[in-house]
Q: 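Would you mind keeping the following structure in view while I ask a few things?
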Amino acid sequence: ETGLGDATRALSAYNFLVTPAATNNAQGTACAVTIADVTEAPLTLQKSVDFVKGCTYALKVRAQNTVGYGDYAQESYVALGVPGAPTGLTLALSGETLVVSWTRPADTGTGDSTYVLTNYELEVTDNQASFPDTGLITKDDADVTHTTGAKTLGVTYNARIRASNSVGPSPWSNVHGVVSQLMLKFPSASLTFTAAFTSQADGLITSLVSWSKPTETGLGDA
C-alpha cells in the first residue's frame with residue numbers, strides 16, 4: 001500500500017532507524033552504531049549496517065509518499081556471529097573404541113557462551129593427511145563427548161570438531177592439538193611356562209625358568 005490502496009503510487013523515500021536496546025553488550029562494549037537515522041531513495045530496499053556483536057537492536061523502517069510517512073515496520077535483531085572453535089579436544093582409548101572429548105566454545109556467537117548452539121560436527125579419521133575420511137558426526141549443544149564404534153587395531157586416529165549456531169559453523173578446532181591414540185590390546189598370556197632343574201649346591205636348587213612369546217602382542221597377532 002503506497003497511498004492508492006495498492007503498490008502503484010510512487011514513493012519519495014524510506015526512513016530507516018536503528019536503536020540499541022541497551023547501552024553496552026555483556027562484555028561492556030558500547031552498542032552504538034554509525035547509522036542511527038537515515039533517509040534512503042525510494043528504490044532502496046536494503047541497507048548495510050555494522051552492528052556490535054552481542055547487542056540487541058530495534059530496527060524500524062517506514063515509507064514516504066507526497067502525503068507523508070506511513071507507519072513503522074519494526075523488528076528486533078540480535079547481532080550474532082559464528083561461534084568460536086571448540087577447545088580442549090582429546091582422544092582416549094576405551095577398549096577398542098575411542099572416546100572423543102571437547103570443551104564448549106567460550107563464544108557461542110554473542111561474545112559469550114549464552115547463545116544456544118545448533119550442533120557440533122565431529123570428524124574422526126585414520127587418514128592424518130586430510131579430512132573428512134569417515135564423514136561428519138553430528139552432536140547436540142549439550143554433548144561434550146562422543147564414543148566411536150570399534151576401531152581397527154594398530155591404526156593411529158585423529159579428530160577435529162566445529163560448532164554451529166543459526167548463523168553458521170565455527171572454524172575447525174586445532175587438529176595438531178589432538179592426542180592420537182594407537183589402538184592396542186593387552187598382550188595375551190604366554191603359551192608355555194616351565195622351570196627345569198639345572199644344578200644344586202649348598203641346599204639351593206638352580207633351575208632355568210622359560211616362557212614363550214604370546215600369540216597376541218597387541219595388534220591382533222604377534
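Quick caveat: nothing in here was measured; it's all calculated off a predicted structure.
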Q: Check the hydrophobic clustering (I, L, V, M, F, W, Y; side-chain heavy atoms under 4.5 Å; chains of links allowed) and say if Tyr72 and Val38 are grouped together.
A: no
Q: With the side chain counted from C-beta on, respond yes when Tyr77 and Val18 share a heavy-atom pair under 4.5 Å apart, and no when they do not.
A: no
Q: Honestly curious: do Leu89 and Val124 fall in one hydrophobic cluster under the side-chain, below-4.5 Å linking rule?
A: yes
Q: Which pair of non-hydrogen atoms, one from Leu91 and one from Ala159, has the smallest distance, and what is that distance?
A: CD2-CB, 4.0 Å
Q: Do any N or O atoms from the side chain of Ser101 and from the backbone of Thr90 form a donor-acceptor pair under 3.5 angstrom?
A: no
Q: Please check this pair: side chain of Thr56 against backbone of Ala21, looking for a donor-acceptor N/O pair closer than 3.5 Å.
A: no
Q: Atom CG in Leu208, atom OG1 in Thr194: separation rounded to 0.5 Å?
A: 7.5 Å
Q: If hydrophobic clusters are built by linking Ile, Leu, Val, Met, Phe, Trp and Tyr wherever their side-chain heavy atoms come under 4.5 Å apart, do Leu136 and Val82 end up in the same one?
A: no
Q: One pair to check against side-chain contact (heavy atoms from CB on, under 4.5 Å): Glu123 and Trp172. What are the steps and the verdict?
A: CA-CA 10 Å; Glu123 291 180 332; Trp172 287 104; 3.7 Å; yes
Q: Are side-chain heavy atoms of Thr125 and Arg160 found at a separation under 4.5 Å?
A: no
Q: What are the two closest non-hydrogen atoms of Ala163 and Pro83, and how far apart are they?
A: O-CG, 3.5 Å
Q: Quick check with a 6.0 Å cut-off and a 45 degree axis cone: is Lys47 positioned over the face of Phe16's six-membered ring?
A: no
Q: Taking Val167 as the starting point, is it possible to reach Val78 by hopping between hydrophobic residues whose side chains are less than 4.5 Å apart?
A: no
Q: To the nearest 0.5 Å, how far apart are NZ in Lys139 and CG in Asn119?
A: 11.5 Å
Q: Heavy atoms, side chains only, cut-off 4.5 Å: are Leu45 and Tyr14 in contact?
A: yes
Q: Under 3.5 Å, side chain of Tyr57 to main-chain N/O of Val52, donor-acceptor pair present?
A: yes
Q: Okay, side chain of Asp107, backbone of Gly109: is any donor-acceptor separation there less than 3.5 Å?
A: yes
Q: Do Ser173 and Trp102 come close enough that some side-chain heavy atom pair is under 4.5 Å?
A: no
Q: Hey, does Val33 have a side-chain heavy atom less than 4.5 Å from the side chain of Cys55?
A: no
Q: In the structure I gave you, are the side-chain heavy atoms of Ile161 and His146 within less than 4.5 Å of one another anywhere?
A: no
Q: Measure from the side-chain N and O atoms of Asp112 to the backbone N and O of Thr114, and report whether any donor-acceptor pair falls under 3.5 Å.
A: yes
Q: Return the minimal non-hydrogen interatomic distance between Leu80 and Thr108, and the atom names on each side.
A: CD1-O, 4.4 Å
Q: Shortest non-hydrogen contact from Lys53 to Gly111?
A: CE-N, 3.8 Å
Q: Could you pull out the closest heavy-atom pair between Ser166 and Thr118, with the gap in Å?
A: N-CG2, 3.8 Å
Q: For the atom pair CG (Leu17) and CG (Leu59), what is the distance rounded to the nearest 0.5 Å?
A: 9.5 Å
Q: Judged by atom type as modelled, is there a donor-acceptor pair below 3.5 Å linking the side chain of Asn165 to the main-chain atoms of Gly81?
A: yes
Q: Please tell me if the side chains of Tyr120 and Pro105 come closer than 4.5 Å, counting only heavy atoms from C-beta onward.
A: yes
Q: So which atom in Asn65 and which in Ala10 form the shortest heavy-atom distance, rounded to 0.1 Å?
A: CB-O, 3.9 Å
Q: As an exercise, state the distance from CG of Asn15 to CD of Gln64, rounded to the nearest 0.5 Å.
A: 8.0 Å
Q: Measure the spacing between CG of Asp141 and CZ of Arg104 and express it to the nearest 0.5 Å.
A: 4.0 Å
